[in-house]
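This report concerns only the one structure given below.
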Amino acid sequence: MAAFSWTNRRLGAQGFFEMKTQRIGVVGLGRMGANMARRMKDCGYTVSIVFDVVPELAEELAKELEAKVAASLAEVTQESDVIVTVVTDDAAMRAIFAADQLLTDAEGKVFINCATVAPVVHEEIAIACNEAGARSLEACMASSITQAREGTLYLMIGGEKATFERVEPLLEDLSKSLLYIGPTGTAAKVKALVNMVMNINTAALAEGLGLGEALGLDLEMLKEVFSQTGAHSRVLETDGDDMISRDHDCFFSAAHAAKDSRIANSLADDAGVLVPLSKATEAQYRKLIDLGRGELDKSAVAELTFPGRSND
């Protein structure tokens, strides 16, 4: 694995001018993709064309950004120099890079793939892109919707260093912290571990607060004690109040949490490493899906632990 490197710098004016002249296509216009497109437009990039499997999303965003709605994935590549993809899972990623899709006449194009998918999928896509005369990067995001809109994403990049440097100005404008990890697949492995630990912490917090409720403790006091002791975590800050108030408006869905835990657990199985906490966490999120609550925020795991909620 190549040594990772931080970047918090700006390239020269020439590099930024060259990047600003590139046409950007965006595939996948959910919460993250749409807000990244808006950010690029705000920064002066030409978002030339957009595509989503839900036509209404594409039409609405295209009107807002004065972009074209692609009738096909092949058209996205035809009308773009750089294509940013933000899709849901392994199957969706493989589908957009299948025959007659994005890699149609793709020579010279750069694909920046932001979905959280299995590392092997990024490796497959990189091979397919190289065979088509194109290049690809994995741009793994450890951030959420607000950061996508504001250009303060935490981005971890995997792929060829030369390709990274080619589109670095764009990545800089999307991020607050930009980290080049190494060859294709390495950033996806790091992202899988980030989400594995985050999901475990979220499920653990839900159990702690849920048990506190059952014991009749003041939950505001309990949160304060957690914040000053070894029970503190980032998810205490982001999810604690939502768990108590049952505000589960979606920033990162339970379904995505289950999917991402599965990626990490598969990596662990392949490596022969036991991860019982992660597997138990995945089971909790899959239970939420089975209950029809998979599209709620991951904080909804508290619905399984607070007394009296699971049957609501």
Side-chain angles (χ1 to χ4, degrees), residues 30-32 88-90 115-118 140-148 154 190-269 273-312:
R31 300 177 185 93
M32 295 298 288
T88 54
D89 54 24
D90 291 5
T116 300
V117 298
C140 300
M141 305 180 288
S143 308
S144 192
I145 301 166
T146 301
Q147 290 75 37
Y154 187 106
V190 173
K191 177 62 187 298
L193 299 185
V194 168
N195 283 12
M196 179 185 81
V197 173
M198 175 183 71
N199 292 339
I200 292 170
N201 285 344
T202 306
L205 177 63
E207 291 188 5
L209 292 176
L211 180 56
E213 173 86 352
L215 295 175
L217 298 175
D218 182 315
L219 296 188
E220 290 302 318
M221 174 275 296
L222 188 59
K223 282 201 302 107
E224 174 63 22
V225 173
F226 282 177
S227 73
Q228 301 300 318
T229 62
H232 183 61
S233 69
R234 175 65 175 153
V235 295
L236 175 64
E237 300 173 15
T238 60
D239 291 13
D241 288 338
D242 292 344
M243 289 179 178
I244 294 169
S245 67
R246 306 183 76 174
D247 179 3
H248 305 308
D249 288 345
C250 190
F251 287 85
F252 183 82
S253 73
H256 278 131
K259 180 258 296 182
D260 293 353
S261 290
R262 177 86 290 265
I263 292 171
N265 294 341
S266 294
L267 291 172
D269 290 342
V273 174
L274 298 177
V275 286
L277 294 179
S278 185
K279 291 192 174 183
T281 297
E282 181 188 351
Q284 285 290 83
Y285 283 112
R286 295 212 175 275
K287 185 174 181 181
L288 276 178
I289 294 171
D290 292 342
L291 292 170
R293 300 178 181 181
E295 294 310 309
L296 295 178
D297 190 79
K298 66 181 174 64
S299 62
V301 71
E303 298 300 299
L304 303 178
T305 61
F306 274 64
R309 289 190 184 182
S310 60
N311 294 323
D312 286 1

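By convention here, the first residue in the shown sequence is residue 1. What you are looking at is a predicted structure, and each value in this text was computed from that prediction instead of being measured.
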Please check if the side chain of [X] supplies one atom and the backbone of [Y] the other of a donor-acceptor pair under 3.5 Å.
X      : Y      : answer
Lys287 : Val301 : no
Ser227 : His232 : no
Ser278 : Val275 : no
Glu303 : Ala300 : no
Asn201 : Ser233 : no

Sidechain N-carboxylate O distance under 4.0 Å for Lys279, Asp269: yes

Do Lys223 and Asp241 sit within salt-bridge range, that is, some charged N less than 4.0 Å from a carboxylate O? yes

Between [atom1] on residue [X] and [atom2] on residue [Y], distance to nearest 0.5 Å:
X      : Y      : atom1 : atom2 : result
Lys298 : Leu288 : NZ    : CG    : 12.5 Å
Glu295 : His256 : CD    : NE2   : 7.5 Å
Tyr285 : Asp290 : OH    : CG    : 15.0 Å
Leu277 : Glu282 : CG    : CD    : 13.5 Å

Among Thr281, Asn195, Asn199, find the residue that satisfies the side-chain hydrogen bond (donor to acceptor under 3.5 Å, both in side chains) test when tested with Ser261. Asn199

CD of Glu237: more than 12 outside heavy atoms within 6.0 angstrom? yes

With a 6.0 Å cut-off (strictly less than), is the heavy-atom count around CG of Leu215, excluding the residue itself, greater than 12? yes

Between the side chains of Asp297 and Ser299, is a donor N or O closer than 3.5 angstrom to an acceptor N or O? yes

Say whether Ser266 and Arg262, considering side chains only, have a donor N or O and an acceptor N or O under 3.5 Å apart. yes

What's the verdict on side chain to side chain contact (heavy atoms under 4.5 Å, CB included) for Phe251 and Thr238, showing C-alpha distance, side-chain angles and the deciding distance? CA-CA 10 Å; Phe251 287 85; Thr238 60; over 6 Å; no

Would Lys259 and Thr88 count as a side chain to side chain contact (heavy atoms under 4.5 Å, CB included) if you check the C-alpha gap in whole Å, the side-chain angles of each, and the deciding distance to 0.1 Å? CA-CA 9 Å; Lys259 180 258 296 182; Thr88 54; over 6 Å; no

Provide the closest heavy-atom pair for Gly210 versus Pro307 in the form atom of the first, atom of the second, distance. O-CD, 3.5 Å

One pair to check against side chain to side chain contact (heavy atoms under 4.5 Å, CB included): Thr305 and Leu209. What are the steps and the verdict? CA-CA 8 Å; Thr305 61; Leu209 292 176; over 6 Å; no

Does the pair Leu304 and Leu291 meet the rule for a side chain to side chain contact (heavy atoms under 4.5 Å, CB included), with working shown? CA-CA 10 Å; Leu304 303 178; Leu291 292 170; 3.7 Å; yes

